[in-house]
Each structure stands twice: as structure tokens, then as C-alpha cells.
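Worksheet: the structure to be examined is printed underneath.
The sequence lines fix the lettering, A, B, ..., with proteins before strands; numbering per chain opens at 1. Only this structure's heavy atoms are used, side chains among them; waters, hydrogens and symmetry mates stay out. Remember, predicted model here, so these are calculated numbers, not experimental data.
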There are 2 protein chains.
Amino acid sequence: MPLDAPLPTDAELAILRVLWAHGPSTVREVQDHLDTDQGYTTVLKHLQLMLDKGLVTRDESGRAHVYAPAVQEADTQRRLVDDLLDRAFGGSARQLVMRALSTEDVSRDELDQIRDLLAQIDDDDHDDA
Amino acid sequence: MPLDAPLPTDAELAILRVLWAHGPSTVREVQDHLDTDQGYTTVLKHLQLMLDKGLVTRDESGRAHVYAPAVQEADTQRRLVDDLLDRAFGGSARQLVMRALSTEDVSRDELDQIRDLLAQIDDDDHDDA
DNA sequence: GCTGAAATACGAACTCGTTCGTACCTACTA
DNA sequence: TAGTAGGTACGAACGAGTTCGTATTTCAGC
């Protein structure tokens with residue numbers, strides 16, 4: 001198990017999201033799927049730095065190197081939320097959730113799903129406590 | 001109404017949190033309440049930059065200037081959440097909430113409060129739709 | 001009024017993230 | 001086998017954020 005990689009920067013996160021969505025990719029494939037219009041060598045450089053940081057792995061067997069995410073999406077998301085929680089909410093997940101839900105466009109469906117999640121957490125609690 | 005201030009940086013957010021919690025303060029008071037051990041002039045510099053950005057206002061009538069937040073806590077928190085939502089969750093508030101709630105230490109009480117919030121949102125929806 | 005403590009203003013250094021130009025390498029192909 | 005398309009590696013520039021040293025100002029009390 002690799003020593004835990006640092007949190008990705010903005011540009012790195014954007015690249016990770018491409019890799020999470022499309023699976024292992026070459027530099028050019030990543031570049032094509034990015035929203036931004038970054039130069040090829042810029043994307044390449046990012047991936048090289050990310051390799052150093054342990055955020056991605058790469059397969060060098062082929063003509064073009066193929067990069068794959070070395071960190072999980074769920075894990076990274078949780079760490080980012082924890083980070084924001086510390087920085088802006090004094091650790092209060094309740095407040096953060098309230099703010100997230102006050103972002104008007106949360107559909108009825110999403111609310112239902114969140115309700116289900118709450119119920120499930122409650123069930124789990126019954127086992128423990 | 002001032003043109004909306006930019007999102008605060010990390011250091012600026014830490015200072016804003018002091019101002020939100022303790023109300024209008026002098027540089028020294030802010031410094032005293034900060035977790036970090038920042039030099040006096042560092043805090044001063046931050047507040048000066050924040051003044052330029054419109055993040056704080058200041059009262060220069062007394063010996064020491066008194067700084068007050070120019071942005072609301074709830075507002076800033078919402079914008080920070082929106083920002084993270086875009087960068088890491090493709091805009092899905094549901095996913096963000098799920099990650100926030102998977103941070104083990106969310107108490108039973110907090111869960112109840114969130115449930116109440118959901119119910120309230122539902123009620124509001126009934127009015128609209 | 002003078003002085004010193006306490007505050008403010010300014011500027012510079014340093015780090016980190018981002019971007020890209022340029023050089024180099026490699027393997028098809030004509 | 002020489003040329004070239006398409007890849008990789010490297011280094012440098014730039015901006016933003018952070019930090020603090022130093023100079024300057026201000027005012028309360030002697």
C-alpha cells in the first residue's frame with residue numbers, strides 16, 4: 001500500500017475526474033476529455049507530477065504511456081469534504097449538509113435518496129450502540 | 001451593495017471565521033484568536049488585502065483600526081460548497097452529502113436535525129410545485 | 001513639545017501551482 | 001535507411017498566496 005497521496009490540486013482533480021470516468025487513458029485521451037483547453041504538454045506535465053505524488057500509476061509498455069488513477073474517487077471526495085469541513089465549518093457536518101441542500105437545485109429525487117441514506121445510517125447505528 | 005467579493009483564500013477564511021465568531025476586532029484581537037501562530041504583520045497584511053478585496057470593512061476612527069466582516073458566513077459557506085460541488089462532484093449535491101455523512105463522527109442529534117431540515121424543504125416544495 | 005510604545009504601510013522573498021516552449025526520443029513508412 | 005509524426009522529458013516563466021522584516025506614523029503621558 002503506497003503512503004497516502006496528497007490531496008490533488010484543482011488541475012489534478014480535473015484530470016483525476018477524467019480518469020475515474022473513462023478509465024486508464026493516454027495523455028491525449030485525457031486532454032480530449034478535459035473541459036478546459038490545455039496544451040498537450042501541460043496535461044503531460046500534470047500527469048508526470050501526479051505520478052511522482054502517487055496520484056496515478058502508468059503503464060509504459062506501449063508507444064504512449066497509459067495513466068490510471070491510483071486513488072479512489074470516493075476516498076478523495078471524502079477527504080476533500082473533510083478538508084472543507086475543517087476550514088469552513090468547524091467540523092460540523094450538519095452545517096455543511098444544510099448549506100449543500102440550500103443550493104436550490106436539489107431535486108425531489110435527490111432528497112429522497114438522502115432520506116434513505118439517513119435511514120440506513122440509523123439502522124447501522126442500532127447494531128453498534 | 002458592493003460588487004461581490006471573491007472567495008476567501010485559506011488564510012483569509014481563517015481570519016473571517018474569527019471575525020464571524022467574535023465580531024469586529026483589531027488586528028491584535030484577530031491574531032490572538034487564530035489557531036495558528038502568525039506574526040502580527042502577517043495578520044495585518046491579510047486584513048489589508050481583504051479590505052482591498054471587499055471581504056472586510058474597517059473603522060479607522062480609533063487608535064487601532066477595527067475590522068469587521070463584509071461578507072456573511074452562510075453566504076460564504078454556500079459558495080465554498082458550490083465550488084467544491086463543481087470541482088469534485090460534478091454538481092451532485094446528493095453525492096456530496098453522502099460523503100459528508102460518511103465521516104463517521106456525525107452524531108445522532110445531527111442526523112435528526114438534518115432529517116428535520118429535509119422535512120422542512122419538503123414542506124416548502126409543497127407550496128411551490 | 002518629546003519620547004516611546006504600539007500601530008500601520010510597504011516591499012520583498014519564498015513556495016506552490018500552472019502553463020508551455022523546446023529539445024529529445026522512437027518507431028513506422030516510403 | 002532516412003525522414004517524420006507523435007510521443008516524452010526538462011526547464012523556465014509567471015501568478016497567487018503567504019510570510020515577515022523594516023520603515024513610518026500616531027498618540028498618550030511625561
Side-chain angles (χ1 to χ4, degrees), chain A residues 5-19 24-68 71 76 79-80 83-84 86-88, chain B residues 4-19 22 24-68 71 76 79-80 83-84 86-88:
Chain A
L7 276 184
T9 66
D10 269 22
E12 290 167 351
L13 182 56
I15 289 176
L16 277 176
R17 281 170 57 73
V18 169
L19 293 180
S25 310
T26 63
V27 174
R28 192 154 302 282
E29 287 165 348
V30 169
Q31 187 194 17
D32 288 344
H33 286 107
L34 280 176
D35 288 342
T36 60
D37 279 349
Q38 294 189 123
Y40 177 88
T41 55
T42 301
V43 179
L44 170 63
K45 181 67 157 190
H46 278 309
L47 283 165
Q48 287 170 341
L49 292 174
M50 292 168 76
L51 181 64
D52 291 342
K53 294 185 183 181
L55 290 171
V56 298
T57 59
R58 79 173 171 193
D59 176 354
E60 310 184 0
S61 61
R63 174 98 165 77
H65 298 173
V66 174
Y67 293 84
V71 294
T76 304
R79 293 176 60 202
L80 287 169
D83 180 61
L84 182 60
D86 281 349
R87 285 189 297 112
Chain B
D4 33 25
L7 276 185
T9 65
D10 268 22
E12 289 168 352
L13 182 56
I15 289 176
L16 278 176
R17 281 170 56 74
V18 170
L19 293 179
H22 297 88
S25 310
T26 63
V27 175
R28 193 155 301 281
E29 287 166 348
V30 170
Q31 187 194 17
D32 288 345
H33 286 106
L34 280 175
D35 289 342
T36 59
D37 279 350
Q38 295 190 122
Y40 177 88
T41 55
T42 300
V43 178
L44 169 64
K45 180 67 156 191
H46 279 309
L47 283 166
Q48 287 170 341
L49 292 175
M50 292 168 77
L51 181 64
D52 291 342
K53 293 186 185 180
L55 289 170
V56 299
T57 59
R58 80 174 170 192
D59 175 354
E60 310 184 0
S61 61
R63 174 94 165 77
H65 298 172
V66 173
Y67 292 84
V71 294
T76 303
R79 293 177 59 202
L80 287 169
D83 180 61
L84 182 60
D86 282 349
R87 287 189 296 113

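Between the B/Q38 side chain and the B/Q31 main chain, no donor and acceptor come within less than 3.5 Å of each other. A donor-acceptor pair under 3.5 Å is absent between the side-chain atoms of A/R87 and the main chain of B/A14, judged by distance alone.
None of B/D32, B/V66, B/V43 except one satisfies the side chain to side chain contact (heavy atoms under 4.5 Å, CB included) rule with B/V27; the exception is B/V43.
Listed by chain and residue number, nothing satisfies the side chain to side chain donor-acceptor pair (under 3.5 Å) test with B/T76 (two or more places apart in sequence, or in another chain).
Ranked by how close their nearest DNA chain C nucleotide is to the 5' end, A/D10 and B/A64 are led by B/A64.
Residue A/Q38 places at least one side-chain N or O closer than 4.0 Å to OP1 or OP2 of C/dT19. The phosphate of C/dT18 (OP1 or OP2) has no side-chain N or O of A/T42 nearer than 4.0 angstrom. Close to D/dT8, at under 4.0 Å from its OP1 or OP2, lies a side-chain N or O of A/Y40.
Among D/dT18, C/dT18, D/dA9, the nucleotide with an atom closest to any side-chain atom of A/A11 is C/dT18. For A/H65, the side-chain atoms get nearest to D/dA9 when compared with the rest of D/dG17, D/dA9, D/dT18. Of the candidates C/dT18, C/dA7, D/dG7, C/dA7 carries the atom nearest the B/R28 side chain, counting heavy atoms from C-beta on. Of all nucleotides listed (C/dC20, D/dT18, C/dT8), D/dT18 comes nearest to the side chain of B/H46.
Distance CG (A/L44) to P (D/dG11): 14 Å, rounded to an integer number of Å. Rounded to a whole Å, the CG atom of A/L47 is 15 Å from the P atom of C/dC20. Rounded to whole Å, the distance from CG on A/L55 to P on C/dT18 is 12 Å. Atom CD in A/E29 sits about 16 Å away from atom C1' in D/dT8, given to the nearest Å. The CD1 atom of B/I15 sits 11 Å away from the C1' atom of D/dT18 (whole-angstrom rounding). We find that CG of B/L49 is positioned 12 Å from C1' of C/dA9, with the value rounded to whole Å. One interatomic measurement links the two molecules: CG of A/L34 to P of C/dC20, which rounds to 12 Å at whole-angstrom precision. Atom-to-atom, CZ of A/R58 to P of D/dG7 comes out at 15 Å; the value is rounded to the nearest Å.
As judged by a 4.0 angstrom heavy-atom cut-off over every strand, B/Q48 is placed among the base-contacting residues. When heavy atoms are screened at a 4.0 angstrom cut-off, A/T9 is found touching the sugar-phosphate backbone but no base atom. Within 4.0 Å of B/T41, counting heavy atoms only, lies at least one base atom of the nucleic acid.
What you find for A/H65 and A/E60 is that their closest heavy atoms are CD2-CA, 3.8 Å. Shortest non-hydrogen contact noted between A/V71 and A/G54 is CG1-O, 4.3 Å.
The shortest distance between side-chain heavy atoms of B/V56 and B/L16 falls below 4.5 Å.
A/K45 contributes a side-chain N or O that forms a donor-acceptor pair with the base of D/dG11 under 3.5 Å.
Taking OH of A/Y67 as the start and CD of A/E29 as the end, the distance is 12.5 Å to the nearest 0.5 Å.
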Could you pull out the protein-nucleic contacts involving nucleotides 27-29 of chain D (nitrogen or oxygen on both sides, under 3.5 Å)?
none

